[in-house]
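Single-structure report; data block below.
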Protein chains: 2
Amino acid sequence: MRVSSKTDYALRTVIDLALHMDDGVSAAARIAERQDIPVKFLEQILMILKAGGIVESKRGAGGGYFLADPPSHISVASVMRLMEGRLFGPPVSAQRRRAGSVSSSKELPFEELWANVEAAVAENLEKISISEMSDRVRKHSHTSLDFSI
Amino acid sequence: MRVSSKTDYALRTVIDLALHMDDGVSAAARIAERQDIPVKFLEQILMILKAGGIVESKRGAGGGYFLADPPSHISVASVMRLMEGRLFGPPVSAQRRRAGSVSSSKELPFEELWANVEAAVAENLEKISISEMSDRVRKHSHTSLDFSI
DNA sequence: TCATATCCTACTAACACGATAGGCATAATG
DNA sequence: CATTATGCCTATCGTGTTAGTAGGATATGA
Ligand code: FES
Ligand code: FES
């Protein structure tokens, strides 16, 4: 079970915007090179983030993107939910499709199981804000100047 | 983020085996029809479950599969981990592949994040045993005889 | 008017997933 | 011994999702 690249990129993007709030707006191209994300792919991600109310934008020359809310008010969960839909969902097996989503009573224990896990994940990710994440990133880029070969 | 059908099938299979322990071994074909899983697909899943030490098998006529351990000693987590690899892992983005898994220090906060979530998921799933799951299933197939149209 | 942006849609390549197929190996049964 | 029932193993395939590209329309500041 892996997180999608899209979600990964989205998180990096939002954190990047938090780290560069003072510089005013950030053009997609700027973010892309800072975070090493394919520009055109990033544009799509930014559209989703905008539709989801996480970032706002300013068009035209000198334009770019910026966070719609203070970083401390944005949770990792909200970003992830926007990109992934459910944080931890049940499978949509062919079996289920054959049954036509008639969720028989035998399915209930499974639904309960997955719901519990999803709740655990949500609890975890709701607690972490983008400002916490950006703090961590900042700390790490200071401490290690990376003299490795 | 959805659980794969493979994991879903594997769980149902193991629970099915728990429910039919008295009948001796269960042939793959039996399990397949009881759980409505494509037989040949199930065979592959059973191979994995066997390699993972969760089920054992008896070959030849009258053969079949059975649990390697008592259901109370098998956790949902162990089955799921076997099928999915990591319970909740980081993405393997092209970015990361370009970097050649050099996990720079900037990645650490992310690794920490995913590791925490994975731990939460694990904690949740480690607690639930197959015997609990089979109990729940049993209870539900008794209580509701499903007179729905 | 030009350069620099966002915005939007369509397309495509690669991969993962769910599933299928065919055949070999082993064991029970008569 | 032949037959039948099973597990064991590998290859292949169709489809959907994912990750990434491409091109251009639209807006804005200088
Ligand atoms: S026992 Fe009925 S869903 Fe938990
Ligand atoms: S602050 Fe958590 S990884 Fe360094």
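Per chain, numbering begins at 1; letters A, B, ... match sequence-line order.
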message: If I take atom CZ in residue A:F41 and atom P in nucleotide C:dC8, what distance separates them, rounded to the nearest angstrom?
response: 18 Å

Distance-only donor-acceptor hits, side chain of residues 130-137 of chain B, under 3.5 Å, sequence neighbours excluded:
residue: B:S131; atom: OG; partner: B:S129; partner atom: OG; Å: 2.9
residue: B:S134; atom: OG; partner: B:I130; partner atom: O; Å: 3.2
residue: B:S134; atom: OG; partner: B:S131; partner atom: O; Å: 2.9
residue: B:D135; atom: OD1; partner: B:R138; partner atom: NH2; Å: 3.0
residue: B:R136; atom: NH1; partner: A:E112; partner atom: OE1; Å: 3.0

message: Heavy atoms only, 4.0 Å cut-off, all strands: where does B:A29 land among base, sugar-phosphate and nothing?
response: nothing

message: Check for me whether B:R2 meets the cation-pi criterion with A:F88, that is, NZ or CZ under 6.0 Å from the six-membered ring centre and within 45 degrees of the ring axis.
response: no

message: Using whole Å, what does the distance between atom P of nucleotide C:dA19 and atom CD of B:Q35 come to?
response: 14 Å

query: Does any donor atom in the side chain of A:T13 or A:Q35 lie under 3.5 Å from an acceptor atom in the other side chain?
result: no

query: Does B:Y9 place a side-chain N or O at less than 4.0 Å from the phosphate oxygens OP1/OP2 of C:dA19?
result: yes

- prompt: Tell me, which of residues 55-63 of chain B have any heavy atom that sits under 4.0 Å from an atom in DNA chain D?
  reply: B:S57, B:K58, B:R59, B:G60, B:A61, B:G63

- line: For B:L46 and B:V55, the nearest pair of non-hydrogen atoms, with its separation, is O-CG2, 4.0 Å

- request: Give the rounded distance in Å between these two atoms: CD of A:E43 and P of D:dG24.
  value: 15 Å

message: So, OP1 or OP2 of C:dC7: does either fall under 4.0 Å of a side-chain N or O from A:K50?
response: yes

field: Per-nucleotide protein contact string for nucleotides 10-18 of chain D (B base, S sugar-phosphate only, - none; heavy atom under 4.0 Å)
entry: BB-------

field: Atom CD of B:E123 with >12 non-hydrogen neighbours under 6.0 angstrom
entry: no

Name each donor-acceptor pair under 3.5 Å that joins a side chain in residues 17-27 of chain A to protein atoms two or more places apart or in another chain, with its distance.
residue: A:H20; atom: ND1; partner: A:D16; partner atom: O; Å: 3.0
residue: A:S26; atom: OG; partner: A:R34; partner atom: NH2; Å: 3.0

field: Nearest-Å distance for atom pair CD1/P, residues A:I31 and C:dA5
entry: 12 Å

Spacing between A:R2 atom CZ and C:dA16 atom C1', to the nearest angstrom: 13 Å

query: Restricting to pairs with a member in residues 60-82 of chain A, which pass salt bridge (charged side-chain N to carboxylate O under 4.0 Å, His left out), not counting sequence neighbours?
result: A:R81-A:E126

statement: In terms of heavy-atom contacts, A:N124 and B:A120 come closest through ND2-CB, 3.5 Å

- request: Would you indicate, yes or no, if D:dA19 has its OP1 or OP2 atom less than 4.0 angstrom from a side-chain nitrogen or oxygen of A:K6?
  value: no

- request: List in numerical order all residues of residues 79-88 of chain A for which some heavy atom is under 4.0 Å away from an atom belonging to DNA chain D.
  value: none

Nearest-angstrom distance from the residue atom CG of A:L42 to C1' of D:dG20: 12 Å

message: Can you tell me how the ring of A:Y9 sits relative to the ring of A:F41, calling it parallel under 30°, perpendicular over 60° and tilted otherwise?
response: perpendicular

field: Which residue lies more 5' along DNA chain D, comparing B:S26 with A:T7 via nearest heavy atoms
entry: B:S26

- request: Could you state the atom-to-atom distance from CD1 of A:I45 to C1' of C:dT6 in whole Å?
  value: 16 Å

Closest heavy-atom pair and its distance - A:M1, B:V3: CE-N, 4.0 Å

- prompt: Between A:E118 and A:R86, is there a side-chain N and carboxylate O pair less than 4.0 Å apart?
  reply: yes

statement: In this structure, NZ of A:K6 is separated from CD1 of A:I37 (nearest 0.5 Å) by 13.0 Å

- request: State whether B:Y65 places a side-chain N or O below 4.0 Å from either non-bridging phosphate oxygen (OP1 or OP2) of D:dT6.
  value: no

